[in-house]
Every structure is written in C-alpha cells, then in structure tokens.
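Below: one structure, written as structure tokens.
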Amino acid sequence: MSRWLNRVIGRVTMYRLVLLVLVAIAAAAVALSLVGALAFPVRDLLATGVVAVGASYLTSRVFALAFRTKPHPESSLITGLLLFFLFYPSTAASDLASVALAATIASSSKYLFAVRARHIFNPAAIGALAVSLLQLNAAVWWVATGALLPLTAIGAFLVLYRSRRLAVGVTFVVIAAVIGAARIAALGTDPIAALASALTSFPLVFLAGFMLSEPLTLPPRRWQQLTVAALVAVLFSVPFQLGPVFSSPELALVAGNAVAFAFGQRRGIRLDYLGKRRLTPTAWELAFAPHAPVGFRPGQYLELTVPHRADFRGMRRTFSISSAPAPEGPITVAMTVPDRSSSFKRALLELEPGTRVTATGIGGDFTLPTDATVPLLLVAGGIGITPFASQLAHLAASGEPRDVVVVYAVRDTAELGYAELLESSGARVVLVSRERPAALPANWEWAGIRLTGDLLREAVPDLARRRAYVSGSPGFVSDIRNALKRSGVRRILTDSFSGY
Ligand SMILES: Cc1cc2nc3c(=O)[nH]c(=O)nc-3n(C[C@H](O)[C@H](O)[C@H](O)COP(=O)(O)OP(=O)(O)OC[C@H]3O[C@@H](n4cnc5c(N)ncnc54)[C@H](O)[C@@H]3O)c2cc1C
C-alpha cells in the first residue's frame with residue numbers, strides 16, 4: 001500500500017499535489033452547493049473563487065515583474081484558493097474587493113516579508129489577517145464543514161504523507177482538537193459530540209494539511225516543527241485578545257511562522273555553480289560555492305531552486321548534500337538523470353559555471369548519533385548513497401573511529417557512485433548488484449543480486465544491535481525498513497527520496 005501510494009503521489013511535485021487537492025475541494029463545494037448540501041449559492045462561490053484566484057495570480061505576476069524574479073504560478077494559485085476557502089462567499093462588491101486586497105497583500109508578503117528569497121509568513125494567512133485588522137472583512141474559514149471534511153482529510157493526508165510531515169499535522173490536529181473539544185464539553189456537551197463538533201466546525205484539518213505544512217515557513221528540524229505545530233494548536237484553540245487584536249486561526253499561524261523563523265537557518269542560501277562531474281553512467285555530481293559559510297550536519301538535504309521554463313514538476317528539488325561540512329569548501333549534490341528527465345534536471349545540467357542559484361533551506365534529521373560508540377548500519381539503494389557520502393567523508397576528516405557497515409545496493413557495478421570515498425572511509429562495505437565484480441577493495445564483499453531480509457541477516461549477523469539508516473527511493477526504503485524491523489532492528493532512520 002505505502003509503495004503504491006509513494007509511486008502515485010511521488011509523480012507530482014508538492015505544489016502540484018496541493019493545487020490538485022484544493023481544486024478538488026473547490027469542485028466538491030460547488031457540487032454540494034448545487035445539490036443543496038452547502039448553504040452558499042453557486043454564484044457566490046464562483047464569484048469569490050474567481051476574484052481570490054485571479055487577484056492572487058495577477059498580483060503575483062506584477063510583484064515578480066517589479067522585483068525582477070520569475071513568478072511562481074502554482075504558488076499564487078494555491079494562495080488564491082486558500083483565500084477562497086477562508087472568506088465568506090459573496091457577490092457584494094465590497095466583499096469581493098476585500099478578498100482581492102487580501103490576495104494582493106498575500107502576494108506582496110512573498111517579497112516584502114522575505115529574507116533572502118524566502119518568505120517568512122504564510123501568504124494567505126497574512127493576507128487574511130491584514131484584511132481583518134483593517135476591519136474590511138473577516139476570514140470565516142467556511143471550508144470547515146462536515147460535508148467537506150472527508151475530502152479535506154484525504155487531501156490533507158496525501159499532502160502530509162508526501163511531504164513527510166504527518167507527525168507535524170497530527171500533533172497540531174490532536175492538540176487543537178482536544179483543547180477545542182474540552183472547551184465545547186465545558187458548556188455541557190457530551191465529550192464525543194464535542195470532539196466531533198471541534199473537528200467539523202474548526203478548520204483543524206484544513207490548516208494542518210495545506211497551511212501549516214507549507215515547507216518555506218517551517219523550521220528545518222523535526223523537533224522544531226513539532227514545537228511550532230503545538231504552539232499554533234494552542235494559539236488556535238485558546239481564545240485571547242491583545243488590545244484590538246482577537247485570536248484567529250490566521251493569527252495563530254502567523255505567530256507560529258514568526259517562531260519558526262526565529263529558529264533560524266531558513267534563509268535562502270546563495271550558491272555559485274562551479275561545475276559537474278559524471279558519477280556513474282546515469283548520475284552526475286554538481287558542485288556549488290556558497291557565498292557565506294553554510295552550516296549543515298552530514299545527512300541533511302537542501303532544496304535547490306533553478307528558475308527556468310518548468311514542466312509540471314516545478315522549479316525546486318530536494319537533494320541530500322553529498323559533501324562533508326567544510327568552512328571554505330564547496331557543497332556537492334548528486335542526482336540520477338533518467339533518459340527522459342524533468343525540465344529541472346535538464347536546466348541544472350545546462351547551467352554555465354558561475355551561474356547563481358538559490359537553495360531555500362537546509363533541513364532533515366537523517367544525521368548520525370553524537371554518541372560515537374553506537375554501531376551503525378547504513379543501507380543505500382542507488383543514489384541513496386548521497387547522505388552517507390557526506391557522513392563518511394565527515395567521519396574520515398574528523399578521524400573519529402566508528403563501527404560502520406555500509407550495505408550498498410545498485411543495479412550493476414557501473415552504477416557504484418562514491419566508490420573511492422567508501423573505500424578510503426575504511427567502513428565494511430557489503431555490495432549487492434546484478435553481477436559479481438571481478439575485483440573488490442579489501443574491505444568490500446559482494447553479497448548477492450537482490451537485497452532481501454535474508455541477505456541482510458546473513459551479511460550483517462549483528463544487525464539487531466546496530467542503529468540502521470536507510471536511504472533511497474520510497475519503495476526501497478519501505479521494503480528495507482520492514483525487513484530490518486522483522487530482523488529485530490529497533491532504531492531505524494529513513495531518508496526517502498520521494499520523486500523516484
Ligand atoms: C529528503 C530528500 C533527499 C533527496 N536526495 C536526493 C539526492 O541526493 N539525489 C537525487 O537524485 N534525488 C534526491 N531526492 C529526490 C529528488 O528530490 C527528486 O524528487 C528526484 O531526483 C526526481 O527528480 P525529477 O522530478 O527531476 O525527475 P527525474 O529524475 O528527471 O525523473 C524521474 C522519473 O519521472 C519521469 N519524468 C520526469 N519528468 C517528467 C515529465 N515532465 N513528464 C513525465 N514524466 C517525467 C522520468 O522519466 C523518470 O521516470 C531527494 C528527495 C528527498 C525528499
């Protein structure tokens with residue numbers, strides 16, 4: 001099931017997935033209105049929707065022109081749709097004008113409240129908040145209705161699953177639902193009915209799935225993301241007033257964004273492209289010189305933005321950093337390039353040395369334990385070797401002895417990337433490939449043609465006492481994680497390269 005899900009939703013980018021889900025919810029709202037299951041007339045829904053989406057799309061183009069950047073049409077359509085679900089549907093000119101203003105403020109916030117190519121606040125939330133502070137309109141979050149909840153919940157699950165932020169979404173929903181239900185129950189309602197009421201009348205699931213999950217406004221580490229989720233949940237569900245400002249979901253989210261920003265490390269990183277080298281017949285390594293020293297831990301990833309005429313997969317991609325941290329050194333990433341590749345990868349490979357690109361953040365928790373006595377098992381499927389390349393290079397540079405076994409599964413031996421680095425790291429390497437190589441370095445052994453639980457147990461008899469790290473395509477990662485669990489491995493960290 002998880003393999004199938006990964007394959008299906010891994011085909012589209014996060015932005016495309018959110019857009020598709022929001023369009024589906026909007027279509028469902030219109031259909032429900034037509035059959036009388038939603039109180040708003042179709043013409044009010046359509047008028048507000050067209051104004052919100054149209055204003056967001058047009059103003060984002062204007063701001064992109066003014067700030068001489070490429071517009072991001074999908075992001076503007078998402079912002080417009082989010083605003084559509086927030087404001088009371090109406091055909092009144094003043095209401096529509098305030099929705100258009102909210103969309104304009106949302107678009108402007110991507111540039112005005114931004115630090116190095118990265119906006120600080122959720123644009124839709126800041127647009128809605130500004131319009132309500134100006135007392136021109138108030139976001140009612142009409143999307144929070146029982147009739148739309150099943151579709152909203154499925155969509156939110158897909159988005160959070162795809163972005164690996166289920167824990168963040170669940171943390172928010174559980175805390176906000178419990179507090180919300182307790183408040184309703186305190187008025188004398190039965191607790192189960194109070195919980196149902198909290199879930200259907202507050203926009204918990206919608207906010208968790210499509211707004212809190214926005215990658216650019218989340219902090220980089222998992223614990224920081226969970227802290228922000230918990231904070232937004234409390235501010236969301238406990239009413240308060242600060243002078244003329246009343247609590248609201250959009251205020252809770254904006255406050256959470258500010259805390260996320262304070263966690264730091266989310267600034268856009270300017271990189272000069274240095275050049276590329278072939279890693280294997282199907283993979284390239286690309287090197288970049290950062291303008292200022294970049295702090296990262298081996299095993300973390302960065303998100304690269306390459307402006308170009310993008311196909312439906314968009315202008316951004318996440319890649320694990322394959323180089324070790326070095327104050328003055330270049331940063332490298334490595335990627336496979338299939339015959340029929342995305343426009344992003346083609347544009348990346350065509351970059352001229354010296355071209356400036358931005359990375360919009362470094363993050364991830366796929367990092368080695370600080371306790372050097374923990375024995376490790378690093379399992380890579382193909383290009384999944386990249387975070388391990390960084391970690392092994394770092395260990396070699398620091399001279400820190402660790403007990404490491406690398407299991408490296410590749411289609412054939414020509415596809416072995418970073419072989420020299422693995423060899424010089426001194427780690428024991430268990431190779432799994434279609435054919436047995438004629439010769440292997442001293443600390444390497446060939447274990448078979450297919451990586452299975454049996455092969456793992458045989459090749460690494462003490463695997464149950466090791467902390468395991470698994471990296472590669474989502475299908476590979478879920479298969480190996482299951483095999484390791486069945487073999488008694490208790491601590492398993494995974495880095496799932498969604499997109500393959
Ligand atoms: C935490 C994390 C770390 C990652 N680290 C790495 C890493 O270190 N190295 C790495 O290579 N990847 C990594 N990835 C995956 C990476 O982000 C991309 O998702 C992946 O490389 C796929 O890239 P792509 O979308 O450019 O498609 P491609 O790799 O170009 O293509 C993938 C498949 O989609 C098909 N396809 C591509 N474009 C189109 C199109 N327009 N229409 C139809 N079909 C198309 C191709 O034919 C191919 O079958 C990581 C992902 C995550 C989440």
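Side chains included, hydrogens not; waters and symmetry mates left out as well; all remaining heavy atoms used. None of the values given here were measured: they were computed from a predicted structure. Counting convention: from 1, in listed order, for ligands and their atoms alike.
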- [ ] Answer yes or no: does an N/O atom from K345 fall short of 3.5 Å to an N/O atom of ligand 1?
- [x] yes
- [ ] Ignoring angles and geometry beyond distance, decide whether S341 reaches within less than 3.5 Å of ligand 1 through its nitrogen or oxygen atoms.
- [x] yes
TODO: Output the list of atoms in ligand 1 that are nearer than 4.0 Å to some heavy atom of R164, sorted by atom number.
DONE: 1 (C)
Task: Y469: ring-ring contact (aromatic ring centres under 6.0 Å, His included) partners, not counting sequence neighbours - done: F366
Task: Donor-acceptor side-chain pairing of T332 and S322 below 3.5 angstrom - done: yes
Open item on the list: So does V53 get a backbone contact from the side chain of S56, meaning a donor-acceptor N/O pair under 3.5 Å?
Closed with: no
- [ ] Report the part of Y301 (side chain from C-beta onward, or backbone N, CA, C, O) that has a heavy atom under 4.0 Å from ligand 1; answer both or neither where that applies.
- [x] side chain
Open item on the list: Could you go through F236 and F172, starting from their C-alpha distance and side-chain angles, then the distance that decides it, and tell me whether this counts as ring-ring contact (aromatic ring centres under 6.0 Å, His included)?
Closed with: CA-CA 9 Å; F236 175 98; F172 171 81; 5.4 Å; yes
Task: Atoms of ligand 1, numbered as shown, that sit under 4.0 Å from any heavy atom of T386 - done: 7 (C), 8 (O)
Task: Residues which pass ring-ring contact (aromatic ring centres under 6.0 Å, His included) with H72, listed by chain and number, not counting sequence neighbours - done: Y15
- [ ] Please check if the side chain of K110 supplies one atom and the backbone of P123 the other of a donor-acceptor pair under 3.5 Å.
- [x] no
Task: Side-chain donor or acceptor of R278 paired with backbone N/O of P281 under 3.5 Å - done: yes
TODO: State if F319 counts as touching ligand 1 under the rule of any non-hydrogen atom under 4.0 Å.
DONE: yes
- [ ] From atom 50 (C) of ligand 1, work out which of L304, T332, T318, T282 has a heavy atom at the shortest distance.
- [x] T318
Task: Numbered atoms of ligand 1 (with element) below 4.0 Å of T336, judged on heavy atoms - done: 11 (O)
Task: Region of A334 that comes within reach of ligand 1 [heavy atoms, distance under 4.0 Å] - done: backbone
Task: Donor-acceptor contact below 3.5 Å, side chain Q300 vs main chain G364 - done: yes
Open item on the list: With a 4.0 Å cut-off on heavy atoms, is P338 in contact with ligand 1?
Closed with: yes
Task: Within reach of ligand 1, part of D495 (heavy-atom separation under 4.0 Å) - done: side chain
Open item on the list: Any heavy atom of I383 closer to ligand 1 than 4.0 angstrom?
Closed with: yes
Open item on the list: Main chain of P387, side chain of Y301: is a donor-acceptor contact present, judged purely on distance under 3.5 Å?
Closed with: no
TODO: Would you kindly specify which portion of S496 sits under 4.0 Å from ligand 1, judged on non-hydrogen atoms: side chain, backbone, both or neither?
DONE: backbone
